[in-house]
Amino acid sequence: MLRRALRAATASVPGAVHLNVPVNVLTDETAAPPKQAKVAAIPRTHLPPGIVTTIADALSQVQHPVVLAGLGAKLSGAGAALTELAERTGALVATTIKGKGVFPEDHALSVGCIGPFGGTPKAHATVLSERVDFLLVLGSSMGELATLGWDQRLVANRRVCQIDLNPLHIGRTLPVDIPAVADVRAAVEDLVTCLPERVLTPCVNTSWVERRTDCSMLSGSTVVRLLSEICPDDVLLYVDNGNCLGWVGEQYVARLSGSIYCSLNTGCIGYATPAAIGGKFAKPGRPVVALTGDAAFAMTGMDIHTAVEYELPITWVVLNNGGNGMVSCIQNMLFERSSGAMYDNTIDFATIARGLRVSSSTVTSADEFTIALKTALIAGKPHLIDAWVDPCEVPWGLRARADRLRGLDSGLRAEQQVR
């Protein structure tokens with residue numbers, strides 16, 4: 001059963017595994033088991049040659065292709081092949097927030113993230129542009145977040161190819177013209193070998209909405225921008241749900257594949273604090289940073305004591321905006337009021353951390369945060385930064401989601417009135 005669990009956890013489509021061991025199995029004596037070989041690696045699934053040719057021909061004949069890369073592309077390790085594919089075709093590359101990091105965002109062909117968590121005007125305008133004549137979806141199930149709320153413009157007036165290892169993801173929510181079941185990395189590598197090198201002028205959409213913030217107060221976007229500038233390229237960044245995920249999608253420039261982790265399947269908050277500890281155990285030689293909100297840290301913050309017990313040098317950054325900031329922002333945008341989302345009594349997380357024997361600092365400005373982060377990264381011990389940030393700053397993607405929800409709500413009301 002242990003071998004089966006390990007195989008499931010490391011399969012081409014990996015997943016969490018729970019192995020329950022009964023007490024009698026733990027206490028009974030048994031002979032040493034015979035030495036067994038390691039769990040066999042499952043070979044990558046390639047596309048049939050005919051499908052590879054079809055996709056390659058389609059890419060060769062269009063002028064403005066766009067790639068949308070999701071978590072499946074990231075898990076398969078398709079980063080290097082995807083970069084070569086983009087450079088050979090001139091395709092612009094957008095990612096979902098879960099796929100962020102599979103393509104270097106300092107590359108000229110990167111347009112950033114789409115979706116309500118981390119989406120930007122530039123990425124949305126590029127992917128939805130009428131000029132796009134081919135959309136290549138790599139390793140995304142095309143759920144609500146990846147499709148901008150099932151926006152039909154994503155597939156309208158263009159050819160769409162979706163490559164995914166899970167056949168149930170193909171065409172699940174939006175129609176596709178070229179369905180392809182395969183490991184993303186293997187498929188992209190095969191595509192590259194069929195594509196001639198050519199030089200195209202990418203149709204970069206430079207539209208961008210400048211965010212207006214209260215300069216007298218530290219903002220979440222500034223904290224994440226500084227994280228991007230200061231953290232080493234090989235940092236493992238664990239990001240909690242909430243506004244902090246939106247800021248990371250917008251402001252953090254991913255430079256190495258597999259360096260950013262989030263948990264969106266059930267949307268729970270509190271993930272990043274303990275996940276960073278697991279990440280440090282798995283990769284002890286790499287720097288580890290967790291970015292979380294105050295409401296999220298309030299749920300799992302006591303876990304930082306584990307890092308003290310094992311002397312793990314991890315940095316936690318808490319965006320302290322006085323409560324459930326994302327919930328409050330959505331309430332205000334949809335209902336013009338917020339109820340019960342923010343705390344009446346804010347929490348001093350720096351003091352809590354010190355009580356758990358974790359060194360800490362409280363920051364209220366960009367300069368203070370810069371000093372605190374640089375100090376924490378070289379301290380060689382657990383450290384928490386309690387960053388007091390503007391509760392009124394809203395990520396652009398969250399605004400776009402609220403607009404979408406308002407539109408859907410208006411449509412439902414209109415339909416009900418007709419009935």
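Residue indices begin at 1 and follow the sequence shown.
By the neighbour-count criterion of 12 heavy atoms within 6.0 Å, atom CZ of Arg44 is densely surrounded, having more than that number from other residues, nucleotides or ligands. Arg357 CZ: 12 or fewer foreign heavy atoms inside a 6.0 Å radius.
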Exercise for the section: Please assess Ser361 against His383 for the test side-chain hydrogen bond (donor to acceptor under 3.5 Å, both in side chains), listing each intermediate value before the final yes or no. Expected result: CA-CA 8 Å; Ser361 51; His383 187 87; 3.1 Å; yes
Handout entry: Working for side-chain hydrogen bond (donor to acceptor under 3.5 Å, both in side chains), residues Glu393 and Ser221
Key = CA-CA 8 Å; Glu393 190 190 24; Ser221 59; 2.5 Å; yes
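In this structure, CD in Glu144 is found 4.0 Å from CH2 in Trp150, a value given to the nearest 0.5 Å. Atom CG of Asp240 sits about 13.0 Å away from atom CH2 of Trp316, to the nearest 0.5 Å.
Nearest heavy-atom pair, Leu384 versus Ala353, reported as atom, atom and distance to 0.1 Å: CB-CB, 4.0 Å. Taking every heavy atom of both residues into account, Ile55 and Ala180 meet most closely at CD1-CB, 4.3 Å. The two atoms that bring Val127 and Ala94 nearest to each other are CG2-CB, 3.8 Å, heavy atoms only.
Between Tyr261 and Tyr238, the ring planes are parallel. Angles under 30° get that label, and only those over 60° would be called perpendicular.
A ring-centre distance under 6.0 Å is found for Tyr310 and Phe281.
One finds no salt bridge joining Asp183 and Arg185 here, because no Lys/Arg side-chain nitrogen approaches an Asp/Glu carboxylate oxygen to under 4.0 Å. Salt-bridge annotation for Glu229 and Arg225: absent, with no side-chain N of the basic residue lying under 4.0 Å from a carboxylate O of the acidic one. With respect to the salt-bridge test (charged N to carboxylate O, under 4.0 angstrom), the residues Glu311 and Lys280 do not qualify.
For Asp164, the salt bridge (Lys or Arg N to Asp or Glu O under 4.0 Å) test picks out no residue, with sequence neighbours left out.
For Ser228 and Gln251, the side-chain atoms include no donor-acceptor pair closer than 3.5 Å. There is no side-chain donor-acceptor pair under 3.5 Å between Glu189 and Thr193. Neither side chain, Ser129 nor Thr126, offers a donor N or O lying under 3.5 Å from an acceptor on the other.
In this structure, the side chain of Asn321 does not engage the main chain of Asp390 through any donor-acceptor pair within 3.5 Å.
Contacts classified as side-chain hydrogen bond (donor to acceptor under 3.5 Å, both in side chains) and involving residues 103-119 (residues at least two apart or in different chains) are given here: Glu87-His107, Lys100-Glu105.
Here the side chains of His305 and Val358 are not in contact, with every heavy-atom distance at 4.5 Å or above. A 4.5 Å side-chain heavy-atom check between Cys161 and Leu136 finds at least one atom pair inside the cut-off.
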